[in-house]
Amino acid sequence: MSDLPRLVCASANPDKVAEMALVLDGIVDLSPRPSGLADVVEDADDLEGNARLKAAAVCAAAGAASVSDDTGLEVDALDGAPGVRSARYAGENANYVENVDKLLSELERAGAVTAEARTARFRTVVMVVWPDGSELTAQGSVEGWIAEQPEGTGGFGYDSVFVPAEGDGRSFAEMGDEKHAISHRGRALRSLAEALGALACEPRTA
């Protein structure tokens, strides 16, 4: 049996799960979300609230510590939108392409045509909730801008139009797994791992 802390992944998004597993490999024993568990309604007002809703629900269902994340893309020209509604920007059942299309349309409508006018950031909040109700939270962010059109075939969500300021001009979708070194989710997960280590975290349930 692994000596690593066991965490149940709360996300139902396979793309997020893959990123979390990659970054946390060798740090935690990441177990899959319980099968058959209904989607958690993410109706909190901020990223932390949504992360808590997901982690708490899966923790209760699995009877074990659960880790969740919530991520938002904040675009300055759109007053921080899509923000907490990033996954549902074009509608409750919107897909990645529809969300990106709406984002680009809204920026065009706002007259934001230069890179300087299209500044944005990704923010991620990750949270662990244990069965005893205790919590651990970590955050990560990355600054950048929104490209005029999608570039690259990797990643997911808004990766094809987000160009990190710390990069070399490529979008996250063009960077592939390289993005984890500077990405919002990579930073949040590494911060979480450090916090877990500082707590000398042991599995609190079998």
Side-chain angles (χ1 to χ4, degrees), residues 1-34 40 42 44 46-74 83-84 86-87 120-144 154-159 162 164-168 172 175-206:
M1 181 177 292
S2 172
D3 292 330
L4 299 174
R6 175 178 176 246
L7 298 177
V8 179
C9 186
S11 179
N13 182 325
D15 295 315
K16 283 189 176 184
V17 173
E19 283 198 358
M20 293 176 78
L22 182 64
V23 176
L24 293 176
D25 183 41
I27 299 171
V28 302
D29 178 6
L30 194 64
S31 299
R33 188 175 188 267
V40 178
E42 301 176 40
D46 54 29
L47 301 177
E48 182 173 329
N50 278 337
R52 179 177 291 108
L53 287 171
K54 290 182 282 189
V58 173
C59 176
S66 176
V67 60
S68 69
D69 90 299
D70 202 39
T71 294
L73 175 65
E74 301 170 349
V84 72
S86 291
R121 69 205 50 79
F122 267 125
R123 282 204 312 117
T124 289
V125 174
V126 291
M127 180 176 293
V128 177
V129 172
W130 282 272
D132 65 5
S134 57
E135 301 177 349
L136 180 63
T137 305
Q139 301 188 33
S141 64
V142 58
E143 298 286 333
F156 64 97
Y158 298 93
D159 283 358
F162 185 82
E166 297 169 58
D168 56 9
F172 269 167
M175 294 175 69
D177 288 345
E178 294 176 52
K179 76 174 185 177
H180 300 311
I182 60 172
S183 76
H184 47 298
R185 187 170 291 107
R187 286 172 168 164
L189 290 169
R190 286 190 294 274
S191 178
L192 178 72
E194 291 175 6
L196 286 169
L199 289 174
C201 182
E202 296 291 339
R204 302 191 181 192
T205 59

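Nearest heavy atom pair, residue Arg190 against residue His180, reads NH1-O, 2.9 Å. The minimum heavy-atom distance between Pro34 and Ala61, with the atom names listed, is CG-CB, 4.4 Å. The nearest pair of heavy atoms linking Asn13 to Asp15 is OD1-N, 2.8 Å. Across all their heavy atoms, Ser191 and Ala138 have their closest contact at OG-CB, 3.7 Å. Across Val129 and Cys59, no two heavy atoms sit closer than the pair O-SG, 3.5 Å.
For the atom pair CG of Leu22 and CG of Leu189, the computed distance is 10.0 Å after rounding to the nearest 0.5 Å. Within the model, atoms CZ of Arg123 and CG of Asp70 stand 9.5 Å from one another, a figure rounded to the nearest 0.5 Å. Atom CG in Leu192 sits 7.0 Å away from atom CG in Leu24 (nearest 0.5 Å). Distance check: Glu19 CD to Thr124 OG1 gives 8.5 Å after rounding to the nearest 0.5 Å. In this structure, CG on Leu196 lies 6.0 Å from CG on Leu7, to the nearest 0.5 angstrom.
Looking only at distances, no side-chain donor or acceptor of Arg6 sits under 3.5 Å from a matching main-chain atom of Asp29. A donor-acceptor contact shorter than 3.5 Å links the side chain of Ser68 to the backbone of Ala51. Judged by distance alone, the side chain of Ser66 and the main-chain N or O of Val8 form a donor-acceptor pair under 3.5 Å. Judged purely by atom type and a 3.5 angstrom limit, Ser86 uses its side chain to pair as donor or acceptor with the backbone of Leu73.
The ring-ring contact (aromatic ring centres under 6.0 Å, His included) search around Tyr158 returns none, not counting sequence neighbours. Judged as a salt bridge (Lys or Arg N to Asp or Glu O under 4.0 Å), and not counting sequence neighbours, the contacts of Arg121 are Glu74, Asp76, Glu143. Partners of Asp69 according to the salt bridge (Lys or Arg N to Asp or Glu O under 4.0 Å) rule, which considers only residues two or more places apart in sequence or in another chain, are Lys16, Arg185. Applying the salt bridge (Lys or Arg N to Asp or Glu O under 4.0 Å) test to Glu48 and every residue at least two apart in sequence or in another chain returns Arg52. Listed by chain and number, the residues in a side-chain hydrogen bond (donor to acceptor under 3.5 Å, both in side chains) with Asp25 amount to none (sequence neighbours excluded). Residues passing the side-chain hydrogen bond (donor to acceptor under 3.5 Å, both in side chains) test with Asp159 are Lys179, sequence neighbours excluded.
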Side chain to side chain contact (heavy atoms under 4.5 Å, CB included) assessment of Met175 paired with Ile182 | CA-CA 11 Å; Met175 294 175 69; Ile182 60 172; 4.0 Å; yes
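With a 4.5 Å cut-off on side-chain heavy atoms, Cys9 and Pro32 do not count as touching.
Using a 30° and 60° split on the angle between ring planes, Phe122 and Phe162 fall in the tilted class, from 30° to 60°.
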